[in-house]
Every structure is written in C-alpha cells, then in structure tokens.
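I have a structure here, written as structure tokens, and I will follow up with some questions on it.
Residue numbering restarts at 1 for every chain, and letters A, B, ... go by the order of the sequence lines.
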2 protein chains.
Amino acid sequence: MSRRNEILDRAGELFSTRGFHATSMRDLAEAVGLQGGSLYAHIASKEDLLFEIVNKAADAFLRQAELVPRDLEPEARLRALVRGHLEVIVRELPRAKVFFDEWRFLSQDYQRRIKERRDAYEAYFRETIATGIAQGLFPQQDARLASLFVLSALNWVYQWYHPDGPLGLEALSEQYANLILAALRNARPEPIAAPGSGS
Amino acid sequence: MSRRNEILDRAGELFSTRGFHATSMRDLAEAVGLQGGSLYAHIASKEDLLFEIVNKAADAFLRQAELVPRDLEPEARLRALVRGHLEVIVRELPRAKVFFDEWRFLSQDYQRRIKERRDAYEAYFRETIATGIAQGLFPQQDARLASLFVLSALNWVYQWYHPDGPLGLEALSEQYANLILAALRNARPEPIAAPGSGS
DNA sequence: CCTACCGATCGGTAGG
DNA sequence: CCTACCGATCGGTAGG
C-alpha cells in the first residue's frame with residue numbers, strides 16, 4: 001500500500017515532466033527501484049495508473065470547493081474558491097499538471113468520468129457568479145463565459161508557477177482574487193452611444 | 001513544397017488531437033497518402049516537424065502583436081493584443097494547441113529558441129500594461145503578475161473554444177477584452193482601513 | 001518481486 | 001516516392 005502510493009507519486013512526477021506517452025513503465029520502475037515487470041504486481045495497467053493520478057487531482061479540487069461554506073456571500077465565496085484552486089495547484093503541482101495535460105490520453109470511459117467531475121467543479125464557479133449577478137453584485141453578463149474566463153486565468157497558473165519562487169500562495173491568491181473580482185464587478189461594454197446618435 | 005505544407009498541416013492536426021508522442025510517422029504518412037518512409041523525402045525528422053509547427057504558431061502570434069500600432073493608447077493597444085491573440089487561436093486552433101501542449105517535447109535547443117520568441121511576445125503585453133500603470137490609467141500593481149493573469153486567461157481559450165460553437169471571434173474578443181480591462185482598471189486590494197484605525 | 005520473454009510498433013535508412 | 005529492412009523499445013505476461 002505504501003509501495004503503491006510511492007508508485008503513484010513517482011508516476012505523477014514523471015508523467016508531469018516527460019508526459020504520459022514519453023514515460024515508459026521501465027522509467028517508472030527504475031525511479032521506484034523495481035524491475036519493469038514488477039510494477040504489475042501493484043497496478044493493473046499504465047492507463048489505470050494515469051486515471052488514478054488524474055482522479056486524485058479531481059478529488060483535491062472538488063474537496064476544496066466543497067469546503068467553501070454555502071452561506072458565504074458570492075464575493076467571499078469566489079475568493080475562497082480561487083484560493084482553494086490555487087492551493088491545489090501550488091501544493092500538488094505534478095498531479096495538477098497531469099490533470100490538465102495528460103487526461104486526454106485516457107480511454108473514452110475514463111475521460112467521461114473525469115469530465116463529469118470537472119463539470120461539477122466548474123459549476124461551483126459558475127453558480128457563484130450567477131448568484132452574484134442575480135443579487136446585483138455583478139452587472140448583467142454571461143455567467144458561463146465569465147466562469148470560463150475565471151477558470152482559464154486560474155488553470156494556466158500551473159504553467160508558470162514555481163513553488164520556490166518569490167510568489168507565495170497567499171500573495172498569489174489575493175492578487176488573483178482581486179483581479180478576478182475587479183473583472184466581474186466592472187465587466188460591461190464600453191459606454192454605448194445613445195440610441196439614434198448616428199451611424 | 002505544396003506536399004510539404006500538406007504534411008505540416010496534417011501533422012499539426014494529428015499532434016494536436018493525439019499528441020506528439022502518440023502520433024506515429026506511419027499515422028501521419030497514411031493521413032497524407034504516403035508510405036512511412038516516404039515522409040523523409042520532405043522532412044528531416046519527427047522533431048524537426050514539431051519545431052516547424054510550433055515555430056509557425058509563434059510566427060502567427062508575433063505577427064499579430066507587431067501589427068498593433070505603436071501609437072495607440074494602452075487600453076486600445078491591449079484590446080488589439082487581446083483580439084489578435086484570440087484570432088490566432090480561433091483561426092489556427094490545431095497549431096495553437098501544438099504550440100501550447102507539445103512544445104515541451106522539443107529538444108533543449110529548439111525549446112530555447114521558442115522560449116525567446118514567447119518571451120518577446122509576452123513583453124508586448126507586459127509593457128503595454130506597465131505603460132498603462134505609468135500613465136495612471138491602471139492603479140499601481142505588479143505588471144508582470146498582471147500580464148501573466150491576462151495571458152493565462154487568453155491562453156486557456158484553446159482548451160474549450162469550438163470554432164463551430166455559438167461564440168464568434170468578435171463577441172469572444174470583446175467580452176474578454178472587457179473583462180481584462182475591468183480587472184486591470186480596478187485591481188486593487190479590498191478597501192483598506194484608514195491608518196491608525198485599529199488593530 | 002525477478003527473470004525471461006512475447007508480439008507489436010517505433011523513428012529512421014538504404015537502395016532503387 | 002516505394003519496398004524492405006534496421007536496431008531499439010514498448011506495455012504486458014508467465015512462471016516461479
């Protein structure tokens with residue numbers, strides 16, 4: 001069981017740096033101190049291994065979202081969601097990378113299962129934004145596009161964040177949340193010319 | 001020369017959907033109507049092929065940025081940069097996907113060359129934002145983090161955008177630019193308690 | 001958990 | 001541009 005988790009962790013690191021298809025089971029075996037064939041005493045297949053890693057990342061994201069109190073007002077809720085999302089990326093960077101980059105190499109069935117969880121996760125953001133719009137905190141706008149915007153800004157962080165860089169989780173989360181809330185609060189079209197004011 | 005471009009385009013599509021390492025040269029040969037070995041009459045190696053695709057995407061992004069008039073004010077400049085970026089993604093989705101997802105499988109030397117061009121591209125955004133801050137259009141903030149935020153939101157679009165979906169380039173660009181400008185204009189910490197007003 | 005092995009497939013080349 | 005081939009490596013299994 002401990003061995004199994006060691007394999008999962010190492011695989012997450014290797015898949016995240018070299019990519020799923022460029023990592024051989026022998027690479028992984030060596031990284032964990034086994035012979036190639038011995039891995040199959042612990043895991044069923046390379047693809048199952050990928051699924052477990054991706055699914056663990058989905059666990060982490062969803063757990064954070066579930067932790068956000070239901071009764072928070074939308075802005076505070078969104079702040080907490082942003083903070084939780086970035087925390088998972090910062091804390092579990094290899095797994096998060098695999099989640100974003102390698103999930104597409106899963107078989108259809110596994111992909112469907114991940115997609116369901118990802119959709120459930122996105123709904124936390126979309127519904128929080130929709131509530132904010134309904135309450136008049138944010139101007140009228142497309143909640144779906146707005147949540148895609150927010151999640152886009154958040155997701156890409158795994159591409160450039162360095163855990164030993166100068167930017168800590170706290171500072172990052174606060175500045176990102178500030179930018180996101182500023183966007184949602186003030187996102188409306190440029191001042192529109194008055195009706196009939198010309199071509 | 002036409003054959004060569006056909007190979008490049010097909011390779012871009014295959015690499016973007018299946019991934020570089022999961023696409024075999026025989027897959028590509030079949031897609032283009034050749035035998036496996038015959039590809040090497042047109043290209044030097046699989047990796048060179050990847051580099052050409054990624055580099056073409058870099059061309060497209062940089063060309064758009066260079067087209068933005070230097071004398072525009074920062075907000076209009078940023079709008080044009082946003083629009084240009086999304087245009088490349090929407091117009092050349094497969095190449096853009098390869099650019100973002102597969103460039104890491106290039107050899108060190110090729111990676112360095114791409115990184116240089118990517119850095120030059122990011123500088124357009126960062127410097128435009130920095131100018132906006134210097135002119136007082138945007139409140140004081142970290143221009144580097146702000147440009148990472150903006151490019152994060154923009155880059156991820158290739159993950160969810162469907163060219164035949166309801167959202168056209170114009171509507172997408174305008175709404176994204178609105179959100180981004182709203183974020184930059186209003187990104188400041190929560191109202192801070194007046195100095196000396198408490199613990 | 002290892003040794004030894006399986007068939008399949010890989011990127012690339014020689015020779016025409 | 002094709003045929004035929006190269007050595008290397010792949011994920012996975014049998015048998016212990």
(message) Against the six-membered ring of A/F15, is A/K97 placed for a cation-pi contact (under 6.0 Å from the centre, within 45° of the normal)?
(response)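 Pair A/K97/A/F15 does not count as cation-pi.
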(request) If a pair satisfies side chain to side chain donor-acceptor pair (under 3.5 Å) and one of its residues is in residues 131-149 of chain A, list it, with sequence neighbours excluded. (result) none
(message) Restricting to salt bridge (charged side-chain N to carboxylate O under 4.0 Å, His left out), what partner residues turn up for A/D9, sequence neighbours left out?
(response) A/R95
(request) Before accepting this row, confirm whether a basic side-chain N of the pair A/R83/A/E87 lies closer than 4.0 Å to the acidic partner's carboxylate O. (result) yes
(request) Please name all residues satisfying ring pair (Phe, Tyr, Trp, His ring centres under 6.0 Å) with A/F51, sequence neighbours left out, ordered by chain then number. (result) A/Y110
(request) Go along nucleotides 3-16 of chain C 5' to 3' and tag each nucleotide: B for a protein heavy atom under 4.0 Å from its base, S when only backbone or sugar atoms are that close, - otherwise. (result) B-B----SBBB---
(message) What I want to check is whether the side chains of A/R113 and A/N55 have a donor and an acceptor closer together than 3.5 Å.
(response)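 Checked: A/R113/A/N55 side chains show no N/O donor-acceptor pair below 3.5 Å.
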(message) Stem finding on DNA chain C, please: runs of three or more consecutive Watson-Crick or G-U wobble pairs, both distances under 3.5 Å, sorted by first number.
(response)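 So far as stems of 3 or more pairs are concerned, DNA chain C shows C:1-16 with D:1-16.
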(request) Quick one: list whatever passes salt bridge (charged side-chain N to carboxylate O under 4.0 Å, His left out) with B/D71, sequence neighbours left out. (result)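 Partners of B/D71 by the salt bridge (charged side-chain N to carboxylate O under 4.0 Å, His left out) criterion come out as none, since no residue qualifies.
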